[in-house]
Structures are given as C-alpha cells and as structure tokens.
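A short worksheet on the structure shown next.
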Amino acid sequence: MAKKASDHFKTYHNPGGPDITTVARPVIQKDGLYFKDIDGSGTVSAVNDWRLPAAQRAAAYVQQMTVDEKIGQLFISDWRMGPKYPSPRIPNHVPVPDESGVLDDGEVNQTTIFGEQHLPGTTTLIQEWFSRHTILRENAKPEDLADYLNQLQAVAEECERFVPVQAASNSRNENGEVVFGMNDAGGVFPTWPGTLGIAAAVKGSGIAVADKWAEAIRRSWEACGLRKGYMYMADCMTDPRWQRTYGTFGEDPNLICEIMAHIIPRIQGSEAGVTKDGVALTTKHFPGGGARENGFDPHYAAGQWNVYATPGSLQKYHMPAFRVAVEKNTSSIMPYYSKPSAEKSAIQQDCQGADVPFDPYGFAYNRVFIHDILRGQLGFRGYINSDSGIVHNMCWGVEALDYPERIGLAIHNAGVDVISGLFDNAYGREAYDRATNGYYKTHTLPEGITPEMVTLTDDDLNRAVTRTLTEMFELGMFEQTYRDAKKAAQICATPSDWENAAEAHRQSVVLLKNDGILPLTDDKTAGKKVYAQAFHKNPAQGEAATKALREMLGEVDLTDDYTQADIAILFVNPSSGEYFSATAGYLELDICEGKTVHNVDGSGCPVEATHEETTLSGVGRIAEIAAAVHERGGKVIANINFPLAWEVGNVERCADALTAGFDTYPAAVLDVMFGRFNPVGRLPITLPRGDEVLAVNEKGVCVSPNDVPGYDKDKYMPDSLKDENGKAYAYRDAAGNYYELNFGLSY
C-alpha cells in the first residue's frame with residue numbers, strides 16, 4: 001500500500017512546462033525535460049509526452065488498454081472516505097483504513113435509491129476493477145480532502161497503466177442544507193448564498209458577483225485536487241413545485257444564460273475549455289428539468305415525464321442556457337432522468353425549426369435529444385455523463401430491457417459516455433460480450449429495439465474513454481497529480497474570497513415590503529423592546545435558530561415576551577417534502593401547519609383522499625405575535641428563506657416589512673434590516689398568489705402551465721383569475737406590489 005501521498009510525493013520542474021508530481025511512478029528524463037511514465041513503456045511515448053495535444057494522447061492511450069480497463073471507466077458512483085469522515089449513507093458501516101488512515105479498504109453491501117450493490121475496498125476498486133470515476137459526498141476540510149485525493153492517486157499509480165482517479169462533486173460553495181445529490185458540503189470552501197441568491201444578487205448588483213464566485217470556486221477546488229464539478233444547473237424553473245428549484249438560477253432564461261456564460265469559462269479556466277488550473281464542469285440537466293408535470297420528481301415514476309404543454313416552450317425557455325453552455329465549451333453535460341411526453345405536450349421544435357419526434361425514452365437513452373440535437377445541432381464536443389440511477393431504478397422508458405441492454409442503449413445508441421449510479425462493470429462487460437457470443441440468437445428484444453442498439457463495441461469503448469481521458473489530460477491530472485494539503489487549506493481560507501462571499505450574501509437580500517420601519521436605525525429602536533424568533537419546519541431547528549438570532553441582536557433591548565414588544569423580528573424558514581421521498585400529493589408551497597390537502601393517484605391526478613402537510617411549525621404563532629405587537633402600536637419585520645417559490649400570504653399579511661433571502665446568512669439579512677447595507681437584490685422567481693393558481697384538475701392539468709416561467713404564465717391563465725391589471729399568477733401584497741420576477745425595493 002502506498003504511503004500517505006501528501007507527505008511523500010516528489011516534484012520535478014519542467015522549464016516552460018508542467019511540473020511532474022509522483023509517488024510511485026517512474027520519471028523519464030530526456031532533452032532536459034521530465035516525463036512521467038504513464039503507460040509503463042519506459043519511453044517518451046505519445047501517451048507520456050505532455051507536449052502533444054490532450055486528444056492525441058488520449059487516443060493513443062485507449063489503444064493500449066484492455067477491454068476491462070476501458071469498461072471500468074464507463075461508470076461513476078458514490079465512494080467513501082476513511083474513518084475520519086464515515087459515510088452517513090452506509091448503515092452500521094465501520095470504515096477500514098489503510099496504513100495512513102485516509103482510505104477505507106473494507107467491503108460494503110449497500111442499498112441506495114439508485115440500486116443495490118456489493119462494493120470492494122478502495123484499493124480493489126482502483127487496482128482490480130480499474131474504476132476511475134467516483135462521486136465525493138463528504139464535507140471534508142481542505143487539507144483532509146487533499147490528503148484523500150492524493151492517496152487515491154497514489155494507489156492508482158501502482159497499476160501497470162496509470163490513469164488518475166477523478167472524483168466529482170456536487171456544488172460546495174453555497175450556503176444551505178447539505179442535501180445528498182444536490183449540495184454535498186457547506187462552510188468549508190468560501191461560502192456564497194444559494195444559487196437563487198446568486199441570481200438575486202446579480203439582478204441587483206451586476207454580473208461581477210458571479211465572476212468572483214466562479215473564480216473562488218476554481219481556486220478552492222483546484223487547490224485540493226478536486227477537478228470535476230457536477231454543476232451548475234442550466235435548468236429554467238417553470239413549475240414552482242419542482243423541489244430542485246433551489247439549485248437553479250431561477251426562471252429568467254436570459255439571466256441563466258448570462259450567468260452560465262460567465263461562470264463556465266471562469267471555473268474551467270478559459271473560453272476554450274478546461275485548463276491545467278481549471279475545474280471541469282458537468283452542466284445539468286439537459287434539455288432542462290424545469291418542465292415538471294405539476295412538480296413531480298423524476299426519481300419516482302410519477303415524475304418520469306417532461307411535459308411541454310405550451311407551443312414553443314422547449315426552445316423559448318428550456319434550451320437557451322444549454323446552447324450557451326455548449327458555446328462556452330462546458331466539459332460535459334448531464335441529461336435528466338425524465339422522458340418527453342408526446343401525449344400531454346404541444347408540438348415542439350428542435351434547434352433548426354423542425355418538429356421534434358418525442359421518443360418515449362429517458363433523456364439519457366434518447367438518441368433524438370442526445371445524438372441529433374445536442375451533438376448534431378448544438379455541436380457539443382464534450383462527453384455525456386448520465387444522472388445517477390438510470391440503469392436501475394430511474395430507467396424511464398426502457399423498463400423492458402435488462403441491465404446490460406440499458407447500458408448498451410445509453411452508450412451505443414444515444415451516445416452517453418459515463419453512466420452514473422453504480423459501478424456496473426460486470427453488466428458493462430456483459431453488454432460488450434453479447435455482441436459476439438450469440439446471446440440474441442435465443443433472446444428477443446422489445447419491438448423497435450435491435451441487438452445492435454443494445455450491445456457495446458470496441459468503437460463505443462474507445463470513443464467514451466477517449467473523451468474522459470482527454471478531459472484529464474487537459475486538466476494536467478496525469479502530470480500534476482498531487483496537491484500540497486497545507487497550501488490547499490491556505491487557499492481555501494483566502495480572506496478576499498470570504499469577504500466577496502459575505503458581500504454577495506448582503507446583495508442577495510430582496511426587500512419585498514416596507515411601510516417605513518426599515519431600516520431599523522438607532523432612533524427607531526431607542527427605548528423599544530424587540531422580540532425575535534426563528535421558525536422552522538423542525539421545532540428543534542427553530543429553537544436553535546432563535547437562540548442564534550437573539551445572540552446576533554445583542555445591540556438591541558430584547559424581550560422574551562412578545563406581548564411586551566414594540567418590534568418583532570421573525571425569521572421564517574419553511575421546508576416542503578424530502579428530496580428522496582415521494583410526497584402523497586403535490587409539493588406544498590403554502591407556509592402552513594397541519595393543512596389538509598388531497599392525495600394524488602398513480603397518474604398524478606388528485607383524488608378524494610387527503611393528508612396533512614406542514615411546511616412551518618408554529619406558523620399560527622406568527623399571527624398571534626403580530627396581533628399583540630400591533631395592538632401596542634408596534635411593527636413586525638419578517639424574513640422568509642426561499643429555496644422554493646412559497647405562497648407568502650400567511651406571513652406577508654402579518655408583516656409591516658418583509659425581506660427575502662435565498663439560503664442567505666441571517667447576519668447579512670440583519671445588515672439590511674438595520675441599515676448597514678441598502679438592499680439591492682431582485683427576485684429571480686415569481687411567487688405564486690395562492691393555491692388557486694396552482695390548482696390541478698381531475699385530468700392532472702394545472703391551471704398555470706408547468707412549462708412556462710412565472711413571469712409569462714398570465715398569458716395562459718383564465719380571465720376569471722385576472723385582476724384589474726390583467727395579472728393572475730403573482731402574489732400581490734397589501735401595498736399593491738406584485739412579487740414577480742425582478743421585483744425588489746430599496747431604501
């Protein structure tokens with residue numbers, strides 16, 4: 001077993017070229033230059049020669065690899081760190097460390113939402129399975145992250161042929177709840193507000209906010225050796241009940257395009273693609289996950305359809321940001337789980353104006369969308385990385401195929417290059433062997449599927465692995481393989497990055513309502529008693545947040561009795577549904593407690609049966625507090641956190657002033673409330689008026705179309721719901737302001 005790589009790697013300096021770092025790999029010296037012996041040839045071969053183009057080196061390398069080595073690189077799945085960071089997703093698992101205490105070399109049997117698998121230890125995975133793509137979930141400190149990634153590379157260097165291990169991660173530079181599969185870390189790297197908050201800040205302060213954010217991402221990730229980001233979402237949010245709203249940049253296609261155009265080259269390193277000091281991005285979820293049928297999540301059967309009910313919506317709202325991502329040379333693109341619905345959709349056009357044939361396959365299996373539109377029409381040159389679980393539990397449209405056939409259909413027929421979810425190496429080998437072993441002489445396939453469509457060829461393997469190897473050569477991972485753990489910690493602690501992040505938090509705050517009580521200057525609080533409380537769905541979280549909020553308000557005269565308060569400051573943090581748990585009905589957006597709502601049936605239509613929903617514990621207390629404070633002639637100031645587009649009536653009607661945050665630091669919100677920062681944020685989403693504009697009829701059709709952003713929904717709403725200004729969808733407050741895209745007040 002390799003020694004702890006952070007302490008033992010050697011560095012060879014090439015004048016005018018890349019540094020070579022190695023633990024166990026031989027280094028060749030020729031013509032005054034150093035070359036790592038990547039392929040084990042002992043020569044400056046095309047693979048080993050860093051002076052050659054990355055694509056040429058990759059193409060040469062795949063010719064040397066065995067079939068099983070190539071198949072090992074077709075799959076990516078979650079992997080675990082060592083004993084210091086035990087995985088919360090593996091019940092009763094005690095990590096078994098290597099001699100450095102960094103890796104886990106114990107075997108694991110686990111079942112996740114994506115499927116069931118028996119997994120070996122880390123060394124076996126790398127050296128015997130030759131798997132080279134992993135997903136990192138743990139929230140490790142920078143120095144520990146560098147140590148861990150270094151050790152993976154040291155184990156890989158011991159193989160006959162060296163291919164680095166590329167650990168991918170979901171975003172790590174935003175505040176908010178750490179959610180498996182979406183936001184895998186928080187507070188370790190420089191921490192901005194949530195992506196909706198980035199959008200709110202950009203709308204109010206300009207694109208420089210996103211520029212600084214992207215540059216900090218690149219520096220912090222690269223310093224640790226984390227070179228692959230499953231980010232960011234180019235999806236346009238058009239149905240507010242889609243739980244992944246909080247990972248988007250909102251509902252404005254133009255803003256999403258602008259942000260993507262700025263962050264992709266700044267994170268990857270250049271307009272032309274990834275560089276040796278960049279971080280490769282996987283833009284998701286093509287062709288746009290926002291067109292949810294009444295918000296249903298495609299992790300589950302009810303959400304398996306993308307519904308384009310409105311003519312032209314695919315090209316007008318959902319595709320533009322992916323076009324920009326391709327133009328900016330995003331390194332890879334992730335198709336969504338879902339499949340297009342021909343039955344419930346209006347006719348849509350492709351990028352050349354022709355009608356799109358809606359084949360009933362999930363987008364990772366959909367040749368029309370991947371091969372014809374993304375590659376053929378948009379000209380995408382990177383690689384396709386599927387979403388997690390498409391082979392097993394989220395195999396929408398291909399349920400009749402077995403696992404090897406699903407792998408073959410995605411890779412051979414649609415053109416996917418990496419499949420996420422499980423390390424399905426054995427099934428991949430079976431898909432390859434079936435091309436020549438006569439399997440389909442005795443086995444039949446569903447109508448419309450031929451053996452050629454579902455078997456893997458050498459050309460398929462070479463194409464897919466060449467693409468992923470090219471990315472790693474472009475990133476310099478073969479030469480500059482290791483990172484200095486202490487330096488990683490220093491770079492991630494760069495004061496200017498944290499200061500820029502704190503400024504973005506303040507810039508993200510949107511002032512929605514103000515009767516003049518804000519800002520809370522000294523003269524307005526002098527002699528006044530202030531009551532403060534934070535509300536969450538989980539009462540224990542609310543109690544902890546209340547304690548923290550009161551500590552932040554140390555400069556005012558606090559009271560524990562709201563009946564004696566002249567000013568109440570209320571922080572409201574609702575939550576709805578669970579990311580990996582299907583709801584009994586539609587995702588609830590009302591800020592409510594114990595609300596009776598209808599269930600839905602298997603086809604997504606409402607039924608008579610009901611259940612209760614709570615998005616905020618103690619919501620009735622808000623009205624009680626407001627009544628008591630108002631009776632004394634006092635004022636109520638509230639802030640709502642918006643990971644989703646909440647129906648805000650139960651809070652707004654009680655508040656004299658109202659702010660919006662988007663996983664924004666409470667301290668930043670208080671800076672706005674107390675006048676230390678003049679609010680500039682603008683809404684990146686439209687807030688729905690109430691249940692009446694989200695109503696779904698007995699056929700499962702929503703009164704506000706699922707595929708149209710909030711700012712445009714009024715075009716398709718019935719006149720009976722429109723007010724005197726012709727508006728139906730957006731919430732209208734007591735002052736007559738509509739809480740719609742781009743709205744925000746200032747002092």
Note to self: Going by the rule ring pair (Phe, Tyr, Trp, His ring centres under 6.0 Å), which residues pair with F75 if we only count those two or more places apart in sequence or in a different chain?
What the structure shows: none
Check: Just by distance, with hydrogens left out, do D712 and Y317 show a side-chain donor and acceptor under 3.5 Å apart?
Finding: yes
Checklist line | More than 12 heavy atoms from other groups under 6.0 Å of CZ on F358 | finding: yes
Next item on the list: Mind jotting down which residue pairs meet the ring pair (Phe, Tyr, Trp, His ring centres under 6.0 Å) criterion with at least one end in residues 364-391? Sequence neighbours excluded, please.
Entry: F363-F369
Next item on the list: Show your working on side chain to side chain donor-acceptor pair (under 3.5 Å) between Y440 and E405 and close with a plain yes or no.
Entry: CA-CA 11 Å; Y440 288 108; E405 289 162 352; 2.8 Å; yes
Item checked: N-O pairing of K713 and D239 below 4.0 Å -> no
Item checked: Distance-only donor-acceptor check, side chains D417 and N385, under 3.5 Å -> no
Item checked: Set of side chain to side chain contact (heavy atoms under 4.5 Å, CB included) partners for D355, sequence neighbours left out -> I347, Q349
Item checked: Exercise: do E251 and T686 side chains pair donor with acceptor under 3.5 Å -> yes
Next item on the list: For D387 and K284, run salt bridge (Lys or Arg N to Asp or Glu O under 4.0 Å): C-alpha distance rounded to whole Å, both residues' side-chain angles, the deciding distance at 0.1 Å, then the answer.
Entry: CA-CA 9 Å; D387 215 332; K284 52 191 187 181; over 6 Å; no
Checklist line | Donor-acceptor contact present, side-chain H285 to main-chain P335, <3.5 Å | finding: no
Check: With side chains defined as the heavy atoms from C-beta onward, is the minimum distance between L587 and D297 less than 4.5 Å?
Finding: no
Check: Between E588 and R241, is there a side-chain N and carboxylate O pair less than 4.0 Å apart?
Finding: no
Note to self: Between H611 and N599, do the side chains contain a donor N or O and an acceptor N or O under 3.5 Å apart?
What the structure shows: yes
Checklist line | Polar contact flag, side-chain donor to acceptor under 3.5 angstrom, R463-T466 | finding: no
Notebook entry, point to check: So which pairs with a foot in residues 327-344 pass salt bridge (Lys or Arg N to Asp or Glu O under 4.0 Å), sequence neighbours left out?
Noted result: E271-K328, E293-K344
Notebook entry, point to check: So, T457 versus D459: side-chain donor-acceptor pair below 3.5 Å or not?
Noted result: no
Margin query: Assess, by modelled atom type and distance only, whether the side chains of D433 and Y439 contain a donor and an acceptor separated by less than 3.5 Å.
Written below: no
Check: Any side-chain heavy atom of L683 within less than 4.5 Å of one from L741?
Finding: no
Next item on the list: Hey, could you give me the CG/OG1 distance between L644 and T615, rounded to the nearest 0.5 Å?
Entry: 10.0 Å
Next item on the list: Apply salt bridge (Lys or Arg N to Asp or Glu O under 4.0 Å) to R323 and list each qualifying residue two or more places apart in sequence or on a separate chain.
Entry: none
Notebook entry, point to check: Would E471 and K228 pass as an ion pair if we require N to O under 4.0 Å?
Noted result: yes
Notebook entry, point to check: How are the rings of F642 and F662 set relative to one another: parallel (under 30°), tilted (30 to 60°) or perpendicular (over 60°)?
Noted result: tilted
Check: With sequence neighbours excluded, what pairs up with H392 under the ring pair (Phe, Tyr, Trp, His ring centres under 6.0 Å) test?
Finding: Y403
Notebook entry, point to check: Do Y308 and Q315 have a side chain donor and acceptor closer than 3.5 Å?
Noted result: no
Item checked: Donor + acceptor pair across side chains of S338, R292 (<3.5 Å) -> yes
Next item on the list: Report the relative orientation of the aromatic rings in F114 and H299; use parallel for angles under 30°, tilted for 30 to 60°, perpendicular for over 60°.
Entry: tilted
Next item on the list: Using the six-membered ring of Y427, assess whether NZ or CZ of R429 lies under 6.0 Å from its centre and within 45 degrees of the ring axis.
Entry: no
